[in-house]
Amino acid sequence: MGKYNFDEIIDRRGTNCRKWDSCEEGVIPLWIADMDFKAAPAIYKAIVKRANHPIYGYVNVPQTYYDAVINWFSRRHGWNGIKTESIIHTVSVVPALAATLGAITKEGGKVLIQSPVYDGFYECIQYHDCIVVDNALVFENGRYEIDFKDFEAKASDPEVKAFVLCNPHNPAGRVWTEEELRKMGEICFKHNVTVISDEIYCDFAFSGKKYTPFATLGEEFESKSIFFTSASKSFNLGGLRTANIIVPNPDLKAIVERSVKHYEVSNMNPFGLEALIAAYNESEDWLEEMLSYIEANYKFLRDFFAKELPQFPVAEMEGTYLAWVKVGSKTEGEVCWENATAFCDKLLEAGKVRFNPGGMYGNDDFIRVNLACPRSVLAEALGRLKKFVG
């Protein structure tokens, strides 16, 4: 028995919680990527302490904030040498991506991604009237791999100016190896493609897997790339709107920083500031227990599908807390569906479970399942799913 109780069910309804309050009563929501676990005690205490001061105005970002980020990545991930002056604080990774694309692309330019991938990537690219170029990941034997021949063919297009990397990958569940990251980087640099690496799930790597910060692969990887980090996924702080862009190259940083200011997405809020410091400085033990619990939830889900619904293969999951399950299509019988979107709609209506359909990420044969919940909640949702499928 660990120090923290992740089996505890916390009622979130009535708190303006997007995950729960946007669903009707009785629905189990395993969709949007936030956790149903209590915050780490140090984070809760830090927020309460700050809330006790009755004025919540604009804040300065102290050196202790930057030190917390620098020390976390050095201590936990071996990413040494991050400097205070290379960090741009911002409200969230998606606005950070939007501002960054605004800095380094032009209307009609092309941006490389790897589907299935987080839907925010598509939105940001299209917002800037740029063109999505897809190096689709290949699903073979239950695992996603990179088609490097296709990757180089698309990166070599002179109109491709940026590659948005998801490391670790949402929703494919891959924690990219050093070899894979190095090969992608070398191809990009060969063709003058800037790498924008979203590393928001950096703290989620299962047993036997290791997250490699893209910047640690060498001087070129560090100087020709832009990195997004946040404590929001690791410590469930999404509502506190705090993230960082790390740009070690001063010239590149100046370009990105101007765009961040132009889009006005750099203002820190007082609670997010205190929460990040408490998370990185005092909450590592909570994170370790939470990761073990998530990995056990994945094994529970994988075993359930293997036994009860073997026609629904589960993608091999190496990290994140988002399982990726293939549903394909079913056009016969009482319960039928054309794709994952139709499946999710019917399941929500009849089975009272909400998942994300894979179509929003670029592959509508899959569903995305949020595993960051008490196991009893996951078990109930899977039981409803089995009953729905019949």
- Task: Could you go through the salt bridge (charged side-chain N to carboxylate O under 4.0 Å, His left out) check for Arg76 and Glu288 one step at a time?
- Result: CA-CA 11 Å; Arg76 188 164 181 89; Glu288 290 289 357; 2.9 Å; yes
On a heavy-atom basis, which atom in [X] and which in [Y] lie closest, and how many Å separate them?
X: Gln114; Y: Trp176; result: OE1-CZ2, 4.4 Å
X: Phe139; Y: Ala315; result: CE1-CB, 3.7 Å
X: Trp31; Y: Arg18; result: CZ2-O, 3.5 Å
X: Val193; Y: Phe163; result: CG1-N, 3.5 Å
X: Trp337; Y: Val327; result: NE1-O, 3.7 Å
X: Ser197; Y: Leu165; result: OG-CD2, 3.5 Å

More than 12 heavy atoms of other residues, nucleotides or ligands under 6.0 Å from [atom1] of [X]: is that the case?
X: Gln63; atom1: CD; value: yes
X: Tyr44; atom1: OH; value: no
X: Asn141; atom1: CG; value: no
X: Tyr56; atom1: OH; value: yes
X: Glu349; atom1: CD; value: no

When you check the side-chain N and O atoms of [X] and [Y], is any donor under 3.5 Å from an acceptor?
X: Asn339; Y: Ser329; result: no
X: Thr320; Y: Asn170; result: no
X: Thr177; Y: Glu180; result: yes

Spatial distance of atom [atom1] ([X]) from atom [atom2] ([Y]) [nearest 0.5 Å]:
X: Ser86; Y: Ile245; atom1: OG; atom2: CD1; value: 11.5 Å
X: Ile367; Y: Phe355; atom1: CD1; atom2: CZ; value: 5.0 Å
X: Asp203; Y: Tyr280; atom1: CG; atom2: OH; value: 6.0 Å
X: Asn236; Y: Tyr321; atom1: CG; atom2: OH; value: 6.0 Å
X: Ile200; Y: Thr229; atom1: CD1; atom2: OG1; value: 8.5 Å
X: Cys124; Y: Ile113; atom1: SG; atom2: CD1; value: 11.0 Å

Backbone N/O of [Y] and side chain of [X]: donor-acceptor pair under 3.5 Å:
X: Asp36; Y: Cys373; answer: no
X: Ser156; Y: Ala153; answer: yes
X: Ser115; Y: Val117; answer: no
X: Ser234; Y: Ala231; answer: no
X: Arg13; Y: Trp20; answer: yes

Does a salt bridge link [X] with [Y], judged by any charged N lying under 4.0 Å from a carboxylate O?
X: Lys38; Y: Glu8; value: yes
X: Lys110; Y: Glu159; value: yes
X: Glu85; Y: Lys253; value: no
X: Glu152; Y: Lys190; value: yes
X: Glu289; Y: Lys3; value: no

- Message: Can you pull out every salt bridge (charged side-chain N to carboxylate O under 4.0 Å, His left out) where at least one residue sits in residues 132-151? Sequence neighbours excluded, please.
- Response: Arg143-Glu145, Arg143-Glu316, Arg143-Glu318, Glu145-Arg174, Asp150-Lys154
- Between Ile226 and Thr194, is a side-chain contact (heavy atoms from CB on, under 4.5 Å) present by the stated rule, with each step listed? CA-CA 8 Å; Ile226 298 162; Thr194 300; 4.2 Å; yes
- Begin from the C-alpha positions of Asn269 and Val59 and carry the test side-chain contact (heavy atoms from CB on, under 4.5 Å) through to its verdict. CA-CA 7 Å; Asn269 76 78; Val59 298; over 6 Å; no
- Message: Tell me which one of Leu385, Leu348, Asp365 satisfies side chain to side chain contact (heavy atoms under 4.5 Å, CB included) with Phe343.
- Response: Leu385
- Can you tell which of Asn167, Thr100, Asn244, Thr90 makes a side chain to side chain contact (heavy atoms under 4.5 Å, CB included) with Phe228? Thr100
Considering only heavy atoms from C-beta outward, does the side chain of [X] approach that of [Y] to under 4.5 Å?
X: Lys83; Y: Tyr66; result: no
X: Glu107; Y: His128; result: no
X: Met268; Y: Val91; result: no

Under the 6.0 Å and 45° cation-pi test, does [X] pair with [Y]?
X: Lys183; Y: Phe148; result: yes
X: Arg368; Y: Trp324; result: no
X: Arg182; Y: Phe221; result: yes

- Item | From CA spacing to verdict: side-chain contact (heavy atoms from CB on, under 4.5 Å), Trp79, Phe214 | CA-CA 9 Å; Trp79 184 356; Phe214 192 76; over 6 Å; no
- is_close_aromatic(Tyr118, Tyr361), centroid dist under 6.0 Å: no
- Item | Distance flag, aromatic centroids of His77 and Tyr211, threshold under 6.0 Å | yes
- Task: Determine, stepwise, if the pair Lys386 / Leu382 fulfils side-chain contact (heavy atoms from CB on, under 4.5 Å).
- Result: CA-CA 6 Å; Lys386 180 186 174 184; Leu382 294 178; over 6 Å; no
Under 4.5 Å between side-chain heavy atoms, counting indirect links through other Ile/Leu/Val/Met/Phe/Trp/Tyr residues: same cluster for [X] and [Y] or not?
X: Met360; Y: Phe366; answer: yes
X: Phe300; Y: Phe305; answer: yes
X: Tyr201; Y: Ile32; answer: no

- Message: What verdict does the side chain to side chain donor-acceptor pair (under 3.5 Å) test give for Asn80 and Ser74, after you've listed the backbone C-alpha separation in whole Å, the side-chain angles of each residue and the deciding distance to 0.1 Å?
- Response: CA-CA 5 Å; Asn80 301 311; Ser74 176; 2.5 Å; yes
- Yes or no on salt bridge (charged side-chain N to carboxylate O under 4.0 Å, His left out) for Glu274 and Lys49, after CA distance, side-chain angles and deciding distance? CA-CA 9 Å; Glu274 299 296 343; Lys49 180 180 178 181; over 6 Å; no
- Step-by-step salt bridge (charged side-chain N to carboxylate O under 4.0 Å, His left out) determination, Asp34 to Arg12: CA-CA 12 Å; Asp34 90 14; Arg12 300 180 66 186; 2.8 Å; yes
- Tyr293 and Phe37 aromatic ring geometry - parallel, tilted or perpendicular at 30°/60° bounds: perpendicular
